[in-house]
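This report refers to the structure that appears directly beneath it.
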Amino acid sequence: GLMGSAVFTGMISILLMKKFKAKSIDGETIDPKGKEFNKGTIIGGLCFGFGWAMCGACPGPLYANLGAGIAVFAIIILFALLGTLTYGYTRHKLPH
């Protein structure tokens, strides 16, 4: 529900900005543009979602769970960091 309401709020906000030709604080017209479809976004989202589902917690509370003494979350945090590091080293080889 939270993510769905955020997406819905974002959609309505973009539509209103376009309809009323919103301007930034500097007076420049805000013109949000769409992006090209990239299958890597789908693949990355699925990997992220599967990881989230397998550990049973969204990324934010991982540290809170570790602090609460649930030691297995140290392994989850380690793999999250390894995944981030791997992406950092390989992103230049990935499709844009």
Side-chain angles (χ1 to χ4, degrees):
L2 179 68
M3 295 298 277
S5 63
V7 169
F8 180 75
T9 302
M11 288 173 26
I12 297 300
S13 298
I14 296 292
L15 288 171
L16 290 173
M17 284 193 305
K18 286 182 175 184
K19 179 176 180 163
F20 294 110
K21 299 186 186 336
K23 297 192 183 294
S24 72
I25 197 165
D26 296 325
E28 298 174 12
T29 302
I30 299 172
D31 186 22
K33 296 184 180 7
K35 294 184 175 186
E36 277 186 39
F37 174 76
N38 182 341
K39 66 181 177 183
T41 303
I42 303 296
I43 295 166
L46 287 170
C47 289
F48 183 79
F50 286 141
W52 188 336
M54 288 188 324
C55 75
C58 72
L62 294 179
Y63 300 99
N65 284 315
L66 181 62
I70 307 171
V72 72
F73 279 93
I75 296 168
I76 296 167
I77 291 170
L78 174 67
F79 279 99
L81 293 172
L82 285 173
T84 303
L85 186 65
T86 301
Y87 171 75
Y89 281 117
T90 61
R91 72 178 180 191
H92 66 281
K93 297 179 183 177
L94 299 172
H96 292 77

Taking the side chain as every heavy atom from C-beta outward, state whether Phe73 and Pro61 have any pair of such atoms under 4.5 Å apart.
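Contact flag for Phe73/Pro61 side chains = no.
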Any side-chain heavy-atom pair from Ile14 and Met11 closer than 4.5 angstrom?
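Counting from C-beta outward, Ile14 and Met11 never come under 4.5 Å.
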Are [X] and [Y] linked, directly or through other ILVMFWY residues, by side chains that come within less than 4.5 angstrom of each other?
X	Y	result
Leu78	Ile75	yes
Ile70	Ile77	yes
Leu16	Phe8	yes
Val72	Tyr63	yes
Phe50	Ile76	no

Over all heavy atoms of both residues, which pair between [X] and [Y] is shortest? Give the atoms and the distance, please.
X	Y	answer
Lys18	Pro32	CE-O, 3.5 Å
Cys55	Leu62	SG-CD2, 4.1 Å
Trp52	Ala57	CD1-O, 3.1 Å
Thr86	Thr90	O-OG1, 2.8 Å

d(Phe20 CZ, Leu15 CG) to nearest 0.5 Å is 11.0 Å
Check Ile12, Ile30, Thr29 against Met17 for a side-chain contact (heavy atoms from CB on, under 4.5 Å) and give me the one that passes.
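In the set Ile12, Ile30, Thr29, the residue that makes a side-chain contact (heavy atoms from CB on, under 4.5 Å) with Met17 is Ile30.
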Is there a donor-acceptor pair under 3.5 Å between the side chain of Asn38 and the backbone N or O of Gly40?
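Side chain of Asn38 to backbone of Gly40, a donor-acceptor pair under 3.5 Å: yes, one is there.
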